[in-house]
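Input: a single structure, listed below in structure tokens.
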Amino acid sequence: MRIIQIAVGPNQVPLTGYLQDITNDGGIRNIRPTVVICPGGAYRLLSERERDPVALHFLNMSYNVFILDYSVQEQAKELNPLLEASDALIKIREHALTWMCDPTRIAIIGFSAGGHLAASLALLHDHPLLKQRLTIVDENNRPDAAILCYPVITSGAFSHTESLDWVSGGDTQLRSLFSLENQVKPSTSPMFIWHTVTDATVPVENSLLLAASLRKTGVPFELHLFESGDHGLSLCTEEVGTPHPLCRQWVDLASHWLNARFNHTL
């Protein structure tokens, strides 16, 4: 495995890559699909249990994996996390040959507030506010798929106030922009979404509102709701401190969904 790290976005935050070893007999199989991970943490911190354990899972599936340490707290305003996620995908595609990443098979996965960031990129990758600040060519910042785990979505009645406060920086226009159920359009990336009905931190309505908009617009998506489970389950294992055998099914469901979209086999 090769481990690399570069800086992305206006705040030059770390993007850490874990790249599969190149084998002499691998041929085209050395060109891997890629996953970019955005941990949760309410845009206040970055959750440890939603980064390395998730990275190891996708590494075991023969993906190249990147972890984005996007800006939080006061640094999360002025679109900084979204600019960082955009720049991350642009950089991966720019270095696709060197890093052996397939530029047509790049997914973003996010948890909670990281799910808000992943969804923001899937929805707003071509927004004029981004094009003013980044050189975007041929949708080179658009994820080919997005996996959203108990995501923050809406700024309405079911919002997670802390996340929206941090990422909007108190700007009412940005807060409205980041009510993502209202931003779905045909160019939105395909999505896999899961949530628990009893999530007391980020209500399940966040995922339901997004799914309804995706359905109305005709964007491909898959939605899984689990009857019970707390917020922040990550991989739902003892390793991450949140064992939940039933919700653990999301890992295989999302993995199969992504493999099918990317036509990827181990």
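Closest of all the heavy-atom pairs between G229 and T198 is N-OG1, 2.9 Å. The minimum heavy-atom distance between L148 and M191, with the atom names listed, is CD1-SD, 3.7 Å.
Every residue two or more places apart in sequence or in another chain that forms a salt bridge (charged side-chain N to carboxylate O under 4.0 Å, His left out) with D165 is listed here: R175. Here T188 pairs with nothing under the side chain to side chain donor-acceptor pair (under 3.5 Å) rule; sequence neighbours left out. W166 is linked by a side chain to side chain donor-acceptor pair (under 3.5 Å) to E162, counting only residues two or more places apart in sequence or in another chain. Contacts of R2 classified as side chain to side chain contact (heavy atoms under 4.5 Å, CB included), with partners at least two apart in sequence or in another chain: L19, I22, M100. Residues satisfying the ring pair (Phe, Tyr, Trp, His ring centres under 6.0 Å) criterion with F58, sequence neighbours excluded, are Y63. Residues forming a side chain to side chain contact (heavy atoms under 4.5 Å, CB included) with L208 (at least two apart in sequence, or on another chain): V204, L223, L225. Judged as a side chain to side chain contact (heavy atoms under 4.5 Å, CB included), and not counting sequence neighbours, S176 has no contacts. Residues passing the side chain to side chain donor-acceptor pair (under 3.5 Å) test with K131: none are found, sequence neighbours excluded.
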For residues 107-124, dump all side-chain donor-acceptor pairs below 3.5 Å to protein atoms at least two apart in sequence or in another chain.
| from | atom 1 | to | atom 2 | distance (Å) |
| --- | --- | --- | --- | --- |
| S112 | OG | H231 | NE2 | 2.8 |
| H116 | ND1 | Y43 | OH | 2.9 |
| H116 | NE2 | F178 | O | 3.1 |
| S120 | OG | H116 | O | 2.7 |

Acceptor/donor pairs from residues 76-86 side chains to any protein atom, 3.5 angstrom cut, sequence neighbours excluded:
| from | atom 1 | to | atom 2 | distance (Å) |
| --- | --- | --- | --- | --- |
| N80 | ND2 | Q75 | O | 2.9 |
| N80 | ND2 | K77 | O | 3.1 |
| E84 | OE1 | S71 | N | 2.8 |
| E84 | OE1 | S71 | OG | 3.4 |
| E84 | OE2 | S71 | OG | 2.5 |
| S86 | OG | L82 | O | 3.0 |
| S86 | OG | N141 | ND2 | 3.4 |

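If you look at F66 and W99, their ring centroids are closer than 6.0 Å.
Counted within 6.0 Å of CG on D138, heavy atoms from surrounding residues, nucleotides or ligands total 12 or fewer; the atom is thus considered open.
Between the side chains of T196 and H244, no donor-acceptor pair of N or O atoms lies under 3.5 Å. Side chains of S234 and E50: no donor on one and acceptor on the other come within 3.5 Å.
No salt bridge links R32 with D21; every basic N to acidic carboxylate O contact stays at or beyond 4.0 Å.
For residues 119-138, there are no ring pair (Phe, Tyr, Trp, His ring centres under 6.0 Å) pairs, not counting sequence neighbours. Residue pairs meeting the side-chain hydrogen bond (donor to acceptor under 3.5 Å, both in side chains) criterion with at least one member in residues 211-226, sequence neighbours excluded: E222-H224.
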